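Since the structure is predicted, the reported quantities are computational estimates derived from the model, not experimental observations. Naming convention: chains lettered A, B, ... in sequence-line order (proteins, then strands); numbering from 1 in each chain.
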There are 2 protein chains.
Amino acid sequence: MLRISRLTDYGTMILVHLAGQDAGLCSASDVAAGTHLALPTVQKLLKTLAKSGLVGSVRGADGGYRLTRAPEEITAAEILNVLEGPVAITECSTETHQCELEPLCQVGSAWQKINRAIRSVMEDIRLSDLRRPPTEFVLKDLRQSPVANPYSHGS
Amino acid sequence: MLRISRLTDYGTMILVHLAGQDAGLCSASDVAAGTHLALPTVQKLLKTLAKSGLVGSVRGADGGYRLTRAPEEITAAEILNVLEGPVAITECSTETHQCELEPLCQVGSAWQKINRAIRSVMEDIRLSDLRRPPTEFVLKDLRQSPVANPYSHGS
DNA sequence: ACGAAATTGGACTAAAATAGTCCTAATTGA
DNA sequence: TCAATTAGGACTATTTTAGTCCAATTTCGT
Ligand code: FES
Ligand code: FES
């Protein structure tokens with residue numbers, strides 16, 4: 001199904017959470033509370049993210065994590081890279097392109113082509129785009145049929 | 001790494017092989033021989049492909065498989081669909097969109113956006129594009145440095 | 001100096017998805 | 001009837017992914 005792993009999804013949630021904290025430090029527990037994810041999982045992922053440089057860390061009491069760059073400058077491609085390695089839909093489309101079948105295999109460079117296309121899509125999407133904009137859909141509803149808008153009476 | 005499963009890769013090899021046989025019937029053993037894949041694996045995959053309608057089958061002695069459509073009319077998206085289900089990089093981007101985290105989760109519709117982008121790329125690539133064109137790279141080499149072409153003296 | 005609160009690094013187990021094999025029926029042609 | 005072949009599915013093994021936990025290190029506050 002060509003899906004990203006659940007951990008990558010979680011990792012993205014964490015990044016989105018950090019993006020909402022404007023450079024303030026968040027401890028792992030803070031993040032766990034904010035995202036409703038299990039603490040050990042959050043700890044593990046934050047370690048990965050810190051090692052990658054995408055987030056910075058401060059040790060010791062009152063330490064924590066924070067983004068090292070603005071959310072607008074972090075691409076989905078980078079996030080995927082960090083959380084599940086470089087995008088490569090087949091073994092043949094890796095950088096260190098080492099496929100034993102290659103001389104025999106008739107499936108050519110098209111997977112690579114698909115791969116590049118996917119990569120470029122990913123590079124156009126930023127962490128800032130990943131935050132759910134809560135009003136977007138509401139506005140659309142209002143224009144097309146105001147009376148059917150479920151938010152119009154509050155609660 | 002966002003990769004397709006090995007079986008999908010094999011399945012594609014099989015389709016490419018069938019595409020090279022011009023409507024003639026191929027038994028599973030033929031395909032296994034032609035692709036250098038293990039027979040049981042080929043049998044399994046051909047069954048899947050046949051069930052999907054992408055290839056047709058004839059039972060009994062002298063039976064076999066063949067493509068039901070021209071390679072130009074089969075998209076990579078379809079192949080992926082058949083071999084590993086609909087493209088959906090997260091659980092939230094499935095058709096039957098049922099994610100329990102959704103009300104809490106701040107990661108918005110961007111995954112769906114990425115998903116649509118990938119789908120559309122896949123729909124532009126056809127089975128016929130997936131066949132390795134054996135001369136393509138040779139020609140390039142010839143233009144840039146004729147003497148370095150390893151094929152120029154036969155073998 | 002001490003202790004509490006954090007990160008760091010990595011080992012470890014459990015669970016799930018994937019890959020691969022094999023067996024038994026049903027179908028067809030000679 | 002026999003041999004070749006697909007159909008369907010059960011089954012096992014392997015690999016990947018998820019998740020937990022522990023011991024060490026760093027830093028702040030008292
Ligand atoms: S499977 Fe590796 S080159 Fe085709
Ligand atoms: S994880 Fe499902 S909506 Fe965000």
Quick one: [X] [atom1] to [N] [atom2], roughly how many Å, whole number?
X: A/Arg66; N: C/dA6; atom1: CZ; atom2: C1'; result: 14 Å
X: B/Leu25; N: D/dA4; atom1: CG; atom2: P; result: 17 Å
X: A/Leu83; N: D/dT17; atom1: CG; atom2: C1'; result: 14 Å
X: A/Ile14; N: D/dA18; atom1: CD1; atom2: C1'; result: 14 Å
X: A/Leu39; N: C/dT7; atom1: CG; atom2: P; result: 9 Å
X: B/Arg6; N: C/dA17; atom1: CZ; atom2: C1'; result: 13 Å
X: A/Glu84; N: D/dT16; atom1: CD; atom2: C1'; result: 12 Å
X: A/Leu37; N: D/dT20; atom1: CG; atom2: P; result: 11 Å

Practice task
Could you work out the complete set of other residues in the hydrophobic cluster of B/Leu25, with links drawn between I, L, V, M, F, W and Y side chains under 4.5 Å apart?
Solution key: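 Result for B/Leu25 is B/Val58.
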Find every protein N or O atom lying less than 3.5 Å from an N or O atom of nucleotides 26-29 of chain D, and list the pairs.
residue	atom	partner	partner atom	Å
D/dT26	O2	A/Gly60	N	3.3
D/dT27	O2	A/Ala61	N	3.0

Problem - B/Ala76: partners by side-chain contact (heavy atoms from CB on, under 4.5 Å), with sequence neighbours left out - result: A/Ile114, B/Met122, B/Ile125
Handout entry: Partners meeting side-chain contact (heavy atoms from CB on, under 4.5 Å) with B/Ser52 (sequence neighbours left out)
Key =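 Once residues adjacent in sequence are excluded, the partners of B/Ser52 under the side-chain contact (heavy atoms from CB on, under 4.5 Å) criterion are B/Leu54, B/Val82.
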Handout entry: Residues in contact with DNA chain C, drawn from residues 43-55 of chain B - heavy-atom cutoff 4.0 Å
Key =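 Contacts with DNA chain C under 4.0 Å: B/Lys44.
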Handout entry: Partners passing side-chain hydrogen bond (donor to acceptor under 3.5 Å, both in side chains) against B/Ser57 (at least two apart in sequence or in another chain)
Key =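 None.
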Exercise for the section: Looking only at non-hydrogen atoms, find the nearest pair between B/Gly11 and B/Leu49 and report the distance. Expected result: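 Reported closest heavy-atom pair: O-CD1, 4.3 Å.
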Do any side-chain nitrogens or oxygens of [X] fall under 4.0 Å of OP1 or OP2 in [N]?
X: B/Ser57; N: D/dT5; answer: no
X: B/Ser27; N: D/dA4; answer: no
X: A/Ser5; N: D/dT16; answer: no
X: B/Tyr65; N: D/dA7; answer: yes

Exercise for the section: Return the set of residues passing salt bridge (charged side-chain N to carboxylate O under 4.0 Å, His left out) with B/Arg59 (not counting sequence neighbours), or none when no residue passes. Expected result: none
Exercise for the section: Please list, chain by chain and in numerical order, all residues satisfying salt bridge (charged side-chain N to carboxylate O under 4.0 Å, His left out) with B/Arg69, sequence neighbours excluded. Expected result: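 Here the qualifying residues are B/Glu78.
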Handout entry: Check: B/Asp129 side chain, B/Arg126 main-chain N or O, donor-acceptor pair, under 3.5 Å
Key = yes
Practice task
Please tell me which of the listed nucleotides, D/dA7, D/dT20, C/dT18, lies nearest to the side chain of A/Pro40?
Solution key: D/dT20
Exercise for the section: Among the candidates C/dT21, D/dT6, C/dT7, find the nucleotide nearest to the side-chain atoms of B/Thr41. Expected result: C/dT21
Practice task
Provide the full list of salt bridge (charged side-chain N to carboxylate O under 4.0 Å, His left out) pairs with a residue in residues 28-55 of chain A, sequence neighbours left out, each pair given once.
Solution key: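 As it turns out, there is no salt bridge (charged side-chain N to carboxylate O under 4.0 Å, His left out) pair with a partner in residues 28-55 of chain A once direct neighbours are skipped.
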